[in-house]
Amino acid sequence: MKTLIYAHRGASKLAPENTMPAFKLARNAGADGIETDVQLTKDHIPVLIHDENLRRTTNGKGFVQDYTYAQLRLLDAGSWFSSKFSDTCIVSLNEFLRWFRDKPMFLNVELKTNVIEYKNIEQIVYDSLKKHNVLDRTVISSFNSDSLLRMKEINPSVETAFLTSTKMRRLPQYAKSIGADALHVKHRLLDKRLVKRCRKEKLALRIYTVNRPAMMKKCYDLGIDALFTDVPHQAIEYRTLWEKGQR
């Protein structure tokens, strides 16, 4: 089985995370999918940004939820990474999907509801994905199990994934108990036993954030479903080398 490669927040080692330049570089590199994070603005527009606070990845301060989308668009979301990205701005989910929908790629949307439980974010995100006709190749992930349960209430056929970096007993069974279709775990939790248990429970297993060649090889050796990486171009290169070694 081929391990799929998702660009984590786009090709985020080459361009500012969760921005159009990073997504376009991921596409150009040949990534199988894109992973991104969604939060809501003051006027309930879903935008792609990882942190609840604007400080790290923009020239703004305060929280995403306290700004309208029009206000957020005025911020510089690229200079923190490199001056050549100074005209880069925060992108809305709809703007991203207009670009993404005709690309032959998979999508992972992480609902950032583990710190702030944005009201109706599940329905708003679902409606956007449905409008752009990408639901059948999208997985919705979250650290917040309530968000995943709400998404399943909207449409039981939507693929959901429980995200965790914590070692838990009976982790695959817990994911199944909340109706999740997949488990997304931090790379240090990956071992043969977890792979075996996920297969037994018929859960897809995807690993984050895999940037080191040794961990990439481990993922390929164990035949996991997908990995998330900041360097999709390198992950693809190593996967090609690994495949040649299997022949």
Side-chain angles (χ1 to χ4, degrees), residues 1-9 32-41 44-48 50 92-98 100-166 168-186 189 194-208 223-228:
M1 185 186 72
K2 190 173 191 172
T3 297
L4 297 179
I5 293 164
Y6 281 75
H8 181 244
R9 307 178 201 168
D32 301 299
I34 286 174
E35 185 272 350
T36 189
D37 309 284
V38 178
Q39 312 211 34
L40 289 187
T41 64
H44 312 296
I45 304 294
V47 290
L48 309 186
H50 179 270
S92 71
L93 177 61
N94 276 313
E95 184 184 350
F96 165 77
L97 290 174
R98 279 194 294 273
F100 176 84
R101 63 190 173 193
D102 66 348
K103 309 294 185 290
M105 303 178 80
F106 296 101
L107 178 62
N108 184 108
V109 174
E110 181 184 341
L111 302 176
K112 300 299 291 184
T113 51
N114 50 317
V115 175
I116 298 168
E117 288 214 38
Y118 295 103
K119 191 177 180 184
N120 293 330
I121 189 172
E122 297 84 10
Q123 187 70 58
I124 291 167
V125 167
Y126 175 83
D127 290 344
S128 291
L129 296 168
K130 186 177 181 183
K131 175 186 169 186
H132 293 282
N133 199 30
V134 297
L135 277 170
D136 61 340
R137 51 193 170 111
T138 300
V139 57
I140 307 290
S141 64
S142 184
F143 286 94
N144 184 338
S145 55
D146 290 336
S147 258
L148 301 180
L149 287 164
R150 283 191 286 268
M151 189 58 80
K152 283 291 190 184
E153 284 172 9
I154 294 166
N155 184 343
S157 68
V158 174
E159 185 179 353
T160 61
F162 179 61
L163 255 171
T164 186
S165 60
T166 308
M168 288 170 59
R169 269 191 81 244
R170 299 170 61 82
L171 183 54
Q173 289 91 330
Y174 174 74
K176 289 290 279 189
S177 76
I178 60 168
D181 307 286
L183 195 53
H184 293 182
V185 303
K186 196 169 180 69
L189 299 182
L194 180 62
V195 175
K196 190 175 178 182
R197 287 161 68 201
C198 283
R199 284 181 182 150
K200 185 180 177 185
E201 296 291 340
K202 295 185 169 55
L203 278 173
L205 178 62
R206 304 182 182 103
I207 306 299
Y208 74 93
I224 65 154
D225 294 277
L227 61 83
F228 301 96

Evaluate the ring planes of Phe143 and Tyr208, with Trp represented by its six-membered ring, and classify them as parallel (under 30°), tilted (30 to 60°) or perpendicular (over 60°).
perpendicular
Is Arg206 paired with Glu159 through a side-chain N to carboxylate O contact shorter than 4.0 Å?
yes
Any Phe162 side-chain heavy atom under 4.5 Å of Leu171 side chain:
yes
Taking the side chain from Glu35 and the backbone from Arg9, do they hold a donor-acceptor pair closer than 3.5 Å?
yes
Could you pull out the closest heavy-atom pair between Leu40 and Lys119, with the gap in Å?
CD1-O, 3.6 Å
Below 30° counts as parallel, above 60° as perpendicular, anything between as tilted: where do the rings of Tyr6 and Phe228 land?
tilted
Let me confirm one number: the NE2-CD1 distance from His184 to Ile207, rounded to the nearest 0.5 Å.
9.0 Å
For the side chain of Ser142 and the backbone of Leu111, is there at least one donor-acceptor N/O pair under 3.5 Å apart?
yes
More than 12 non-hydrogen atoms from neighbouring residues, nucleotides or ligands closer than 6.0 Å to CG on Asp127, yes or no?
yes
Can the ring centroids of His132 and Phe100 be said to lie less than 6.0 angstrom from one another?
no
Shortest non-hydrogen pair, Gly179 vs Lys152, comes out as O-CE, 3.0 Å
Interatomic distance, CD@Gln123 vs NE2@His44, rounded to 0.5 Å, equals 14.0 Å
Short side-chain to backbone donor-acceptor contact, Lys186 and Thr166, under 3.5 Å
no
Looking only at non-hydrogen atoms, find the nearest pair between Ala180 and Thr160 and report the distance.
CA-OG1, 3.3 Å
Verify, without hydrogens or angle tests, whether Asn114 (side chain) and Asn144 (backbone) share a donor-acceptor contact under 3.5 angstrom.
no
Which pairs would a plain distance check flag for residues 194-205, meaning a side-chain donor or acceptor within less than 3.5 Å of a matching protein atom at least two apart in sequence or in another chain?
| residue | atom | partner | partner atom | Å |
| --- | --- | --- | --- | --- |
| Arg199 | NH2 | Leu222 | O | 3.1 |
| Arg199 | NH2 | Gly223 | O | 3.2 |

Distance-minimising heavy-atom pair for Thr3 and Ile224
OG1-O, 2.8 Å
Ala161 backbone acceptor or donor facing Ser141 side chain under 3.5 Å:
no
If you measure only the distance, is there a donor-acceptor pair under 3.5 Å linking the side chains of Thr164 and Tyr174?
no
To the nearest 0.5 Å, tell me how far Met151 CE sits from Ile121 CD1.
8.5 Å
Between CZ on residue Arg150 and CG on residue Asn120, distance to nearest 0.5 Å:
9.0 Å
Gap between atom CZ of Arg137 and atom CZ of Arg101 - 0.5 Å precision:
10.5 Å
Residue among Thr36, Leu48, Asp37 satisfying side chain to side chain contact (heavy atoms under 4.5 Å, CB included) with Glu110:
Asp37
Indicate yes or no: at least one non-hydrogen side-chain atom of Tyr118 is less than 4.5 angstrom from one of Ile124.
no
Quickly, which of Val125, Leu97, Asn108, Val109 forms a side chain to side chain contact (heavy atoms under 4.5 Å, CB included) with Thr138? Name it, please.
Val109
Quick one: CG on Leu129 to CG on Asp136, what's the gap to the nearest 0.5 Å?
10.5 Å
